[in-house]
Number of protein chains: 2
Amino acid sequence: MKKHSVVIVDDHLLFAQSLQGLVNTFEEFEVLYHVKNGSELIKKLLESENVPDIILLDINMPVMNGFETMEWIKENRPSIQVLALSMDDHEETIIKMLRLGAKGYLLKDIHPEIFYKALNEVISNGIYYSERVATTLLNSLHGGNDKDVKNGKPLKDTELMFLKLACTEMTYKEIAQEMCLSPKTIDGYRESLFKHFKVKSRIGLVLYAIRNNLVNSK
Amino acid sequence: MKKHSVVIVDDHLLFAQSLQGLVNTFEEFEVLYHVKNGSELIKKLLESENVPDIILLDINMPVMNGFETMEWIKENRPSIQVLALSMDDHEETIIKMLRLGAKGYLLKDIHPEIFYKALNEVISNGIYYSERVATTLLNSLHGGNDKDVKNGKPLKDTELMFLKLACTEMTYKEIAQEMCLSPKTIDGYRESLFKHFKVKSRIGLVLYAIRNNLVNSK
DNA sequence: TTTCAAAAGGGGCTTTTTCCCCTTTATTTG
DNA sequence: CAAATAAAGGGGAAAAAGCCCCTTTTGAAA
């Protein structure tokens with residue numbers, strides 16, 4: 001029986017390499033290659049006719065992150081099963097990734113046995129949910145939440161720029177100067193993002209941005 | 001020749017297990033065991049007479065983090081060579097860890113070959129510095145920096161508590177209530193931490209706290 | 001071309017933050 | 001014990017943040 005092919009996308013080389021070793025010990029799976037970020041993955045996918053069955057996709061990557069990469073895959077290689085693989089267990093991140101088309105969400109602290117099970121399930125069922133992630137999702141649906149609103153619309157460029165600057169020690173006045181806009185316009189962005197993210201202060205904004213990888217400040 | 005024994009401390013089971021596989025492929029090294037956090041490590045070290053040569057120590061762990069664990073090791077098992085192993089490449093973290101007695105600081109995105117080299121060097125020289133980390137350190141010395149001051153004195157309990165609450169959407173007045181102190185006292189804490197961390201606003205304080213793992217908000 | 005909506009900007013106000021300098025109250029320590 | 005030191009608390013003011021409601025500009029769509 002032919003082994004299922006796996007590609008690993010993770011900027012932590014040590015982890016990627018180690019994980020490759022682990023996956024290769026599984027009977028039914030073998031790693032084709034591993035790459036450091038989304039851009040490298042796309043290059044590899046485009047130049048090679050060897051399409052993997054599964055992609056293990058990290059989210060936090062410096063160059064082209066997991067979200068962007070996932071979008072590209074959904075558009076261009078929809079037949080590949082993507083399993084997100086991250087340390088980040090925030091509801092928003094999980095939901096965002098699954099909504100983008102990931103077939104499962106694995107936390108890096110899972111037991112290798114479970115990891116093995118996940119690989120098998122995504123091949124057989126086309127989907128895998130860990131208990132912990134399932135619980136998180138349930139909670140989010142339960143709480144009558146509207147994370148949808150939160151993640152539904154992507155941020156505009158100006159808003160994202162503002163958000164990044166808001167995650168620094170600059171005052172709003174300074175941010176306005178930096179962006180060549182009136183302080184009042186900046187105030188408008190602030191107000192709008194506060195509502196969008198349901199936060200009540202700039203601190204809340206910063207925390208939200210960091211937790212959801214909207215800025216890469218850690 | 002007897003192999004050098006290695007212990008891995010990392011809460012990301014998948015990574016720990018994978019890394020164990022990698023290390024075991026090295027001729028000169030073998031993994032004794034891996035544990036999820038500092039507490040587990042201490043338990044293992046205390047109950048087993050089999051002392052490892054090297055400990056690979058992650059910093060971000062939920063229960064007992066790398067700093068606390070490092071302190072314990074320095075106190076109780078100073079003969080073990082500890083290599084810090086983290087994704088965090090912030091100057092403060094690196095310096096703090098080395099100051100606590102780590103014999104090297106590895107970033108998780110290093111190449112496995114380099115990782116192998118590091119293991120060997122820490123056995124032969126008792127120390128390993130990657131180029132990147134060395135550069136970071138040089139920069140910090142260069143800039144006439146006084147990160148010393150920053151990391152020199154640990155925070156008091158009240159200050160830490162305040163810091164944690166400052167990393168929420170609470171106002172200072174609310175924080176004062178929560179801590180059963182006068183808002184003026186809180187203002188004193190704020191002022192003191194601003195100076196200590198060299199920041200100019202609460203935003204800066206939050207960013208500093210998150211970047212340096214003083215609060216576990218991500 | 002008119003219309004409509006979004007983006008940009010403004011007035012004016014309250015609350016919060018930030019800053020400086022000062023007093024009282026423990027807690028050590030010589 | 002007395003003196004020093006640190007922690008807790010205070011007054012007051014300027015700057016920044018947050019909030020609401022309003023006007024102008026701009027860029028499509030009808």
| Where the side chain of B:T171 is defined as all heavy atoms beyond and including C-beta, which of D:dA7, C:dT17, D:dA16 is the nearest nucleotide? | C:dT17
| How many Å lie between CD1 on A:I175 and C1' on D:dA17, as a whole number? | 11 Å
| query | If you measure from the Lys or Arg side-chain nitrogens to the Asp or Glu carboxylate oxygens, is any gap between B:K108 and B:D89 under 4.0 Å? | reply | no
| said: I need the CG-P distance between A:L165 and D:dA17, as an integer number of Å. | reply: 13 Å
| field | Euclidean distance, atom CG of residue B:L205 to atom C1' of C:dT18 [Å, nearest integer] | value | 13 Å
| field | N/O (side chain, B:S182) to phosphate O (OP1/OP2, D:dG10) under 4.0 Å | value | yes
| message | The criterion is salt bridge (Lys or Arg N to Asp or Glu O under 4.0 Å); which residues satisfy it with A:R190, sequence neighbours excluded? | response | A:D187
| field | Non-neighbouring partners of A:D11 that pass salt bridge (Lys or Arg N to Asp or Glu O under 4.0 Å), sequence neighbours left out | value | none
| task | Tell me, please, which residues at least two apart from A:T93 pass side-chain hydrogen bond (donor to acceptor under 3.5 Å, both in side chains). | result | A:D88
Return a table of donor-acceptor pairs under 3.5 angstrom between the side chains of residues 42-58 of chain A and protein atoms on other chains or two or more places apart.
unit_1, atom_1, unit_2, atom_2, d
A:S48, OG, A:N50, N, 3.0
A:D53, OD2, A:S5, N, 2.8
A:D53, OD2, A:S5, OG, 3.4

| Hey, is the side chain of A:K173 poking within less than 4.0 Å of OP1 or OP2 on D:dA16, counting only N and O atoms? | yes
| note | Between NZ of B:K156 and C1' of D:dA7 the distance, given in whole Å, is 8 Å
| message | So if I take every side-chain heavy atom of A:L181 and compare against D:dG18, C:dT17, C:dA8, which nucleotide ends up nearest? | response | C:dA8
| query | Would you say A:Y172 reaches D:dA15's phosphate, i.e. side-chain N/O to OP1/OP2 under 4.0 Å? | reply | no
| End-to-end bend of the helix from C:dT1-D:dA30 to C:dG30-D:dC1 (five-pair axes, 10° rounding)? | 30°
| In chain order, what residues pass the side-chain hydrogen bond (donor to acceptor under 3.5 Å, both in side chains) check against A:S192, with sequence neighbours excluded? | A:E159
With a 3.5 Å cut-off and sequence neighbours excluded, list the donor-acceptor pairs that the side chains of residues 172-183 of chain B form with protein atoms.
unit_1, atom_1, unit_2, atom_2, d
B:E174, OE1, B:T171, N, 2.8
B:S182, OG, B:K184, N, 2.9

| said: Measure NZ/A:K200 against C1'/C:dT14 and give the value in whole Å, please. | reply: 18 Å
| query | What residues, two or more places apart in sequence or in another chain, satisfy salt bridge (Lys or Arg N to Asp or Glu O under 4.0 Å) together with A:K103? | reply | none
| request: With a 4.0 Å heavy-atom cut-off, tell me which residues in residues 183-195 of chain B come close to DNA chain D, sorted by residue number. | output: B:K184, B:T185, B:Y189
Write down the protein N/O and nucleotide N/O pairs, taken from nucleotides 22-27 of chain D, whose separation is under 3.5 Å; answer none if there are no such pairs.
none

| message | Nearest 0.5 Å, please: how far is CD1 in A:I210 from CG in B:L207? | response | 5.0 Å
| field | Rounded distance (Å) that lies between atom P of D:dA16 and atom CD1 of A:I203 | value | 16 Å
| message | Donor-acceptor pair, distance only, cut-off 3.5 Å: does the side chain of B:E40 make one with the backbone of B:K36? | response | yes
| field | Non-neighbouring partners of A:S201 that pass side-chain contact (heavy atoms from CB on, under 4.5 Å), sequence neighbours left out | value | A:I203, B:E169
| query | Tell me: CD of B:Q177 to P of C:dT16, nearest whole Å? | reply | 11 Å
| field | Separation of atom CZ in A:R202 from atom C1' in D:dA16, rounded to whole Å | value | 9 Å
| query | Heavy atoms under 4.0 Å, any strand shown: does A:T158 hit a base, just sugar-phosphate, or nothing? | reply | nothing
| message | So, using side-chain contact (heavy atoms from CB on, under 4.5 Å) as the criterion, who are the partners of B:N76 when residues are at least two apart? | response | B:W72
